[in-house]
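Report on the following structure.
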Amino acid sequence: MSEIEQDAVSEDASEAGKSAVESYLYALDNNEAFELRLWWQRLVMDEQELKRYTKRRPYPRGVRAALRRCDAIESVLLTEAFRHLWQALETRVWKEMPGDGSSQWRDRRLEAWAVIAAIVSELRAETFGAPLGKRLGENRPNTGDTPRMSDLRFQQLLDCHTPEELIRRFRRALKLADGTGVSVVRLADMVALWHREQRGQYRPEATQRFAFLMSDDYFKARSQKMATSD
């Protein structure tokens, strides 16, 4: 029985469950967010922990490790982990192709979701609703007011120009965050938003763009910590 057939048999993804995603999404829709979180849970959780969320089984050991070794889009596309994610999205989310066609639309989607997969696979445990910027602005454990990521590294994070550079810098950011304390959906949403902006598709409101959203979360966390220490 194929992965999709198994999913059809154990279709425990209720509409209530699909609505239980973060309210503030800028580039993903709720169905994409739901399928992404379910895929990530099956990727990182053991069978006992996964039972709290779904009747579906975890992916085999090694699937996540193979994805984490990839540092190029082409290699991500060839992994078993990415095939599971892409198949779920194509089958259960994107019911119809857009009117313009075609291969160009599919290629853009493939690249964006390959970058998302490569980055979120670094997350070991999540905190619902928590943005990456906030986590990076928090103090390192056992330090005074030193953030998990320095201001300089954070500015470099905002200044990525290629998918591979984004993968590398976001992975570094998640390592500084100990791979925890971030929402997998909020993380993927920022990656998807960055990818849209690289194609010139900016949201009209400046306060709903990648650099502002990341910076706002980061510096709010920084200012809160400094205020607490005063």
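A donor-acceptor pair is defined here as one N or O able to donate and one able to accept, closer than 3.5 Å; no such pair exists between the side chain of Arg135 and the backbone of Val182. Not a single donor-acceptor pair under 3.5 Å links the side chain of Arg92 to the backbone N or O of Glu35. Between the Glu126 side chain and the Val184 main chain, a donor and an acceptor come within less than 3.5 Å of each other. Under a 3.5 Å cut-off, the side chain of Thr91 and the backbone N or O of Ala88 do not form any donor-acceptor pair. Judged purely by atom type and a 3.5 angstrom limit, Trp39 uses its side chain to pair as donor or acceptor with the backbone of Ala81.
Scanning for salt bridge (Lys or Arg N to Asp or Glu O under 4.0 Å) contacts around Arg109 gives Glu32, with sequence neighbours left out. Listed by chain and number, the residues in a salt bridge (Lys or Arg N to Asp or Glu O under 4.0 Å) with Asp178 are Arg148 (sequence neighbours excluded). Partners of Glu205 under the salt bridge (Lys or Arg N to Asp or Glu O under 4.0 Å) rule, at least two apart in sequence or in another chain, do not exist in this structure.
None of Arg37, Arg56, His84 except one satisfies the side chain to side chain contact (heavy atoms under 4.5 Å, CB included) rule with Arg42; the exception is Arg56. Each of Lys175, Arg69, Arg64, Arg171 was compared with Glu122 under the salt bridge (charged side-chain N to carboxylate O under 4.0 Å, His left out) criterion, and only Arg171 meets it.
Relative orientation of the Phe154 and Phe219 rings is perpendicular, given thresholds of 30° and 60° on the angle between their planes.
Residues Tyr26 and Phe210 have side chains not in contact (no heavy-atom distance under 4.5 Å, counting atoms from C-beta outward). Side-chain contact between Leu174 and Leu187 is present, with at least one heavy-atom pair separated by less than 4.5 Å. Under the 4.5 Å side-chain criterion, counting only non-hydrogen atoms from C-beta, Leu132 is not in contact with Asp217. Taking 4.5 Å as the limit, some side-chain heavy atom of Leu43 sits within range of a side-chain heavy atom of Val63.
Of all heavy-atom pairs spanning Val115 and Val191, the tightest one is CG1-CG1, 3.5 Å. Counting all heavy atoms, side chain and backbone alike, Trp194 lies closest to Cys160 at NE1-O, 3.3 Å. The minimum heavy-atom distance between Leu136 and Ala173, with the atom names listed, is CD2-O, 3.4 Å.
Open room surrounds CZ on Arg52; 12 or fewer heavy atoms of other groups in view lie less than 6.0 Å from it.
The line from CG of Asp46 to CD of Glu49 is 5.5 Å long, rounded to the nearest 0.5 Å.
Centroid-to-centroid, the aromatic rings of Trp94 and Trp86 come within less than 6.0 Å.
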Check your understanding: Would Glu164 and Ile73 satisfy side-chain contact (heavy atoms from CB on, under 4.5 Å), going step by step from the backbone distance to the final call?
Key -> CA-CA 7 Å; Glu164 286 77 15; Ile73 299 299; 3.3 Å; yes
Exercise for review: Take Val76 and Leu67, measure what side-chain contact (heavy atoms from CB on, under 4.5 Å) needs, and give me the verdict at the end.
Suggested key: CA-CA 6 Å; Val76 173; Leu67 177 56; 3.8 Å; yes
Check your understanding: Run the side-chain contact (heavy atoms from CB on, under 4.5 Å) check on Leu193 and Arg203 step by step: do they pass?
Key -> CA-CA 9 Å; Leu193 185 61; Arg203 295 180 68 95; 4.1 Å; yes
Point to revise | Test side-chain contact (heavy atoms from CB on, under 4.5 Å) applied to Leu89 and Leu36, step by step | key: CA-CA 8 Å; Leu89 291 167; Leu36 170 76; over 6 Å; no
Practice item. Given side chain to side chain donor-acceptor pair (under 3.5 Å), test Ser183 with Glu22 step by step and report yes or no. Key: CA-CA 9 Å; Ser183 160; Glu22 284 80 348; 2.5 Å; yes
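Note: the hydrophobic cluster containing Tyr59 does not contain Leu78 (ILVMFWY, side chain heavy atoms under 4.5 Å, direct or indirect links).
Checked for salt-bridge contact, Lys134 and Glu138 meet the test: a charged N lies under 4.0 Å from a carboxylate O.
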